[in-house]
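Worth saying up front: this structure is predicted, and the values here are computed from it rather than measured.
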Amino acid sequence: MRAEELSQTAFDSLPDHVCVLDRSGTIILTNRAWDRFAQLNGGDPRRCGHGVNYLDVSRAAQGEFSEGAARAAEGIEEVLRGAAFSFTLDYACPSTLVAAWFRLTATPLHPSRDGAVIAHTNITDQTRLGERLHRIEERYEAVMENPGNAATVLEMNGIIHYQSPATESAFGYRSEELIHRNFLDFVHPDDASAVRKLLDDCRRQPNVSPICTYRFKDKNGAWRTMECVARKLLTGPPERTVINSRDVTAAKRVELTLLSKQESLIRRRDELDLLVARLLHEQEEERRRTAAELQKDVGQRLERLSLLAAQLANSPSADARQLSSLREGIGRLSGTLQALAHQLHPPMLDQLGLAVALREYCDEFTRREGVQVTYTHREIPGRLSSAVVAALYRVAEEALTNVARHANTNRAWVTLSQTARGIRMVVRDAGAGFDPAGLAPGAGLGILRMRERLRAIDGTLTIHAAPGKGVQIVALVPLNVSR
């Protein structure tokens, strides 16, 4: 027997209904079980045979099974695209002739992965067995959800009819010590109303299992914190309720400790945020002072040197070459001073506002880096807090610096606008992009600086990026920032 015939024979011997799809979702191969099931259920070969697109048929399904068919199409398509290693879906058989359940499994073809194998396995017996077990579990969970729990069966008036042996480890009482006594006599007065409501709820709604937490006095007089679920018994004398309680005293103590520590951490985080905001503000103020002092002090010295050079020019013994060199040096030094002062704190931020200062920076960045920046702004308030102005300006600087260093592109866009949520600034490029989840430790320091600057003024930073699709950085600051 040839290898192909042997393979087809083995394929036809499978009890599951199996077909093979090409990468577009078209059926290219079916086994005998698939064809036989289709014939027995009046299947149309045009909807389930060779050359039919399985995905199209599933998407076009209508009626009560259409939702499952649409989900199957989505899952199979993910496998065909390589987005998922497999897909599984349990569903009721849509045939009116057979009352059955099936499990659809889609797996990629190996090693080419240019298609998928679809198998429909009959799981009717397992499903029916599972439903039967579920019904059995429902019967017994009301009596004993956990062997370590203290189970209590109460009469309608709260008198204890039965107490499980676990009571002794939970409360210190032997079972017989509690029978015929009122359960509420042991409940903390502050929790009695919650327990009464629990009992009333489960009596009014027999199929509901309400829960609550209460304190129960143990044999030593200590209050134990209990977590319980109650349910009306469906068999036996009427108006009896079972309560399954477990001791969560230690867990509650740990929870309170954790909550206290969490509150402490939140306070420390808030204090740290305030410290960061203050440091950034002081840093910006120091830059402003330093820039002003440079302009004033060094600028005055340069002016005196310029006057001295003018006086030397009038001297008969002046060397024209040395004088020219001196003037060039003064000019270069003056330009360097202006650039340094601008880097420390652009005077336009204080004089003309954020919108104009950003335009000047984008123009200067284009000249310096050779990256054409398109800048637009809309409806920016004339007066913004100095903290907002400084933060957005520095974020724009950082974002454009990253474009020049990493984007491998000569185009970028900066948009500044006012929205209902606040001042929104977007810096984007169409360059190399990156995977945000794949950043190596320490590689995102620029992003961290931008995020911290914005967080210090209650702002947010959102990054949209993907390899080969550029980067978009969105900074949003509320209008009511007072820092």
Item checked: CG/N408: more than 12 non-hydrogen atoms of other groups inside 6.0 Å -> no

Note to self: Would you say that more than 12 heavy atoms from the other residues, nucleotides or ligands in this model lie under 6.0 Å from the CD1 of I211, or not?
What the structure shows: no

Is there a donor-acceptor contact under 3.5 Å from the side chain of [X] to the main chain of [Y]?
X	Y	value
T366	C362	yes
Y375	L416	no
S58	A73	no
D191	R215	yes
R451	L461	yes
N53	S24	yes
N220	A222	no
T124	W101	yes
T401	E397	yes

Check [X] against [Y] and note the closest heavy-atom contact, atom names and distance.
X	Y	answer
Q418	I380	N-CD1, 3.9 Å
L184	A192	CD2-O, 4.2 Å
L198	I243	CD2-CD1, 4.4 Å
V403	V371	CG1-CG1, 4.3 Å
M425	A396	CE-N, 3.7 Å

Item checked: Test side-chain contact (heavy atoms from CB on, under 4.5 Å) applied to R411 and W413, step by step -> CA-CA 7 Å; R411 290 298 307 274; W413 294 263; 3.5 Å; yes

Any side-chain heavy-atom pair of [X] and [Y] under 4.5 Å:
X	Y	answer
R359	H377	yes
V20	I27	no
L258	L256	no

Ion pair [X]/[Y], N-O distance below 4.0 Å:
X	Y	value
K197	D201	yes
E255	K252	yes
R449	E452	no
E398	R394	no
R23	E77	no

Checklist line | Sequence neighbours excluded - salt bridge (Lys or Arg N to Asp or Glu O under 4.0 Å) pairs with any residue from residues 420-431 | finding: none

Checklist line | Geometric class of the F102/Y91 ring pair [parallel <30°, tilted 30-60°, perpendicular >60°] | finding: parallel

Note to self: Parallel, tilted or perpendicular, judged at 30° and 60°: which one describes the rings of W34 and Y54?
What the structure shows: tilted

Note to self: Checking T225 against Y214: is there a side-chain donor and acceptor pair closer than 3.5 Å?
What the structure shows: no

Note to self: So, taking the atom named OH in Y361 and the one named CG in L400, what distance separates them when rounded to the nearest 0.5 Å?
What the structure shows: 5.5 Å

